[in-house]
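Heads up, the thing below is written out as structure tokens.
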Amino acid sequence: MTGVIALSGLLGAATFALTVAATPTPPALEGENNETEAAADISLLPSTDPSVSALLSGQWDRAALGSDSAAHTVLLSEPFSITIEIESGDTLMSVLLDQGSDRGHAHAAITALSDVFDPRDLRPGQTLDMAIMPARGSEPATIEQMRLRPDPLRDILVVLAEEGFVAREETRSLTDQQVRAEGVIDSSLYVAARDAGVPIPVLGDLINVFSFDVDFQREVQPGDRFSVMFTERLTQDGDVADFGDIMMAEMTVGGDIKRFYRFENDEGRIDYFDERGQSVRRALLRTPIDGARISSGFGMRRHPISGYNRLHRGTDFAAPSGTPIYAAGDGVVEAAGWNGGYGRYIRIRHNGRHSTAYAHLSRIDSRVTSGARVSQRQIIGYVGSSGNSTGPHLHYEVHVDGEQVNPLSIDLPTGETLEGAQLARFQRIRAEIDTQYAALEPRTQIAAQTDVDLDD
Ligand SMILES: [Zn+2]
């Protein structure tokens, strides 16, 4: 049934009062949902019913609506206004008929509305404000005005004019507002962010910003913290219509603080940069060795030892034994030691998606042990011919989401560093964001609760 969520009077409240009556279920109409519940109807009566004052003050109980079966007697010919929330199964026709309109009148209103809004786009949760002249005797109710709000950005207004119904669309302007939210992670980032009032789309963006630096599966621990400043786009009524970008995001993981700022570069590309102007996107070296040539690329080949044709899941660089091998990017060592046919082997995890592996080494650097942090271009070991190898070379693999990929063909992250005038512009914007952030109060948990309710 249709939910009446507000009722406000153009009523002389002191003189007239309202009772709410249940009308019998209207006959099912062809092409409409069969309504099984009595529609809440509102008729105007001079009454001293004590429920009336509660109704007028807005504290009425919907459950009480169905039990009263008073007849309609209408003594008032003033239009009243009502706000209806569209519910599942409602059609515009059913809603208007519920308000006492006759079919022809309702049809005319819907036809006018169809000029600017497809009635099939009516969805549960949308609201319809109406000004209605109630039925008088044998005369059906008249819809004087209706305002449908299909989404927070526009209104569809239908007005009964002399020549009949006319409809127009009104777009609503949005105002941007910066919001600061922060929290300490107890069980998960998701829960902490939700409790701090971070909407889900913004949380997704937050995870993206840090995906090159933080492995959310493995690294984030209770006690780690996050702060974020993002844009909320509000309607004139203060409803959140949309979310803009994260302007600043900070995470403290294991005592290590990382803060990134949104910046649009000269080519119009938006990315996040640290305070020195270094992009969050860390480049992985395609060639983690100097002066080497590729002796065998990624792809099908006849294996030099087994003789079988098989997929070569890495890139081989021929180089003299002892040539230094660099870490392709910052990361954590996942494996360092002997690994079957790979011989002396190192694997480094760079972020939640990317890892690199290095095989057939003659020696592994002593600092490179499982769990150790390495930085890009740090020497991790030396070329050799250990394991199944026909001669000194580095076998190098890039793993994306656990799969070996060809480092020469995949779109590896590029690590842009801002310089010159662009860096100066970034630093000005960064200072503005810092000032704005410091001036904001963090969103409270109460606001967080309201956000959750938005989806109900
Ligand atoms: Zn190889």
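In each ligand, atom 1 is the first atom listed, and ligand 1 is the first ligand listed. Here the structure is a predicted model, which is why all the values come from computation and not from measurement. We number each residue from 1, following the sequence as shown.
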Task: For the Zn ion (ligand 1), the closest N/O/S atom belonging to D316 - done: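 It is OD1 of D316.
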Look at the aromatic rings of [X] and [Y] and report parallel, tilted or perpendicular, splitting at 30° and 60°.
{"X": "Y261", "Y": "F426", "answer": "perpendicular"}
{"X": "F317", "Y": "Y396", "answer": "tilted"}
{"X": "H393", "Y": "H360", "answer": "tilted"}

TODO: Could you tell me whether any N, O or S atom belonging to H393 is less than 2.8 Å from the Zn ion (ligand 1)?
DONE: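 No.
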Task: Contact flag H395/the Zn ion (ligand 1), N/O/S atoms, threshold under 2.8 Å - done: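 Yes.
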TODO: Mind running salt bridge (charged side-chain N to carboxylate O under 4.0 Å, His left out) on R430 and D274 for me, showing each step along the way?
DONE: CA-CA 9 Å; R430 177 172 86 89; D274 69 10; over 6 Å; no
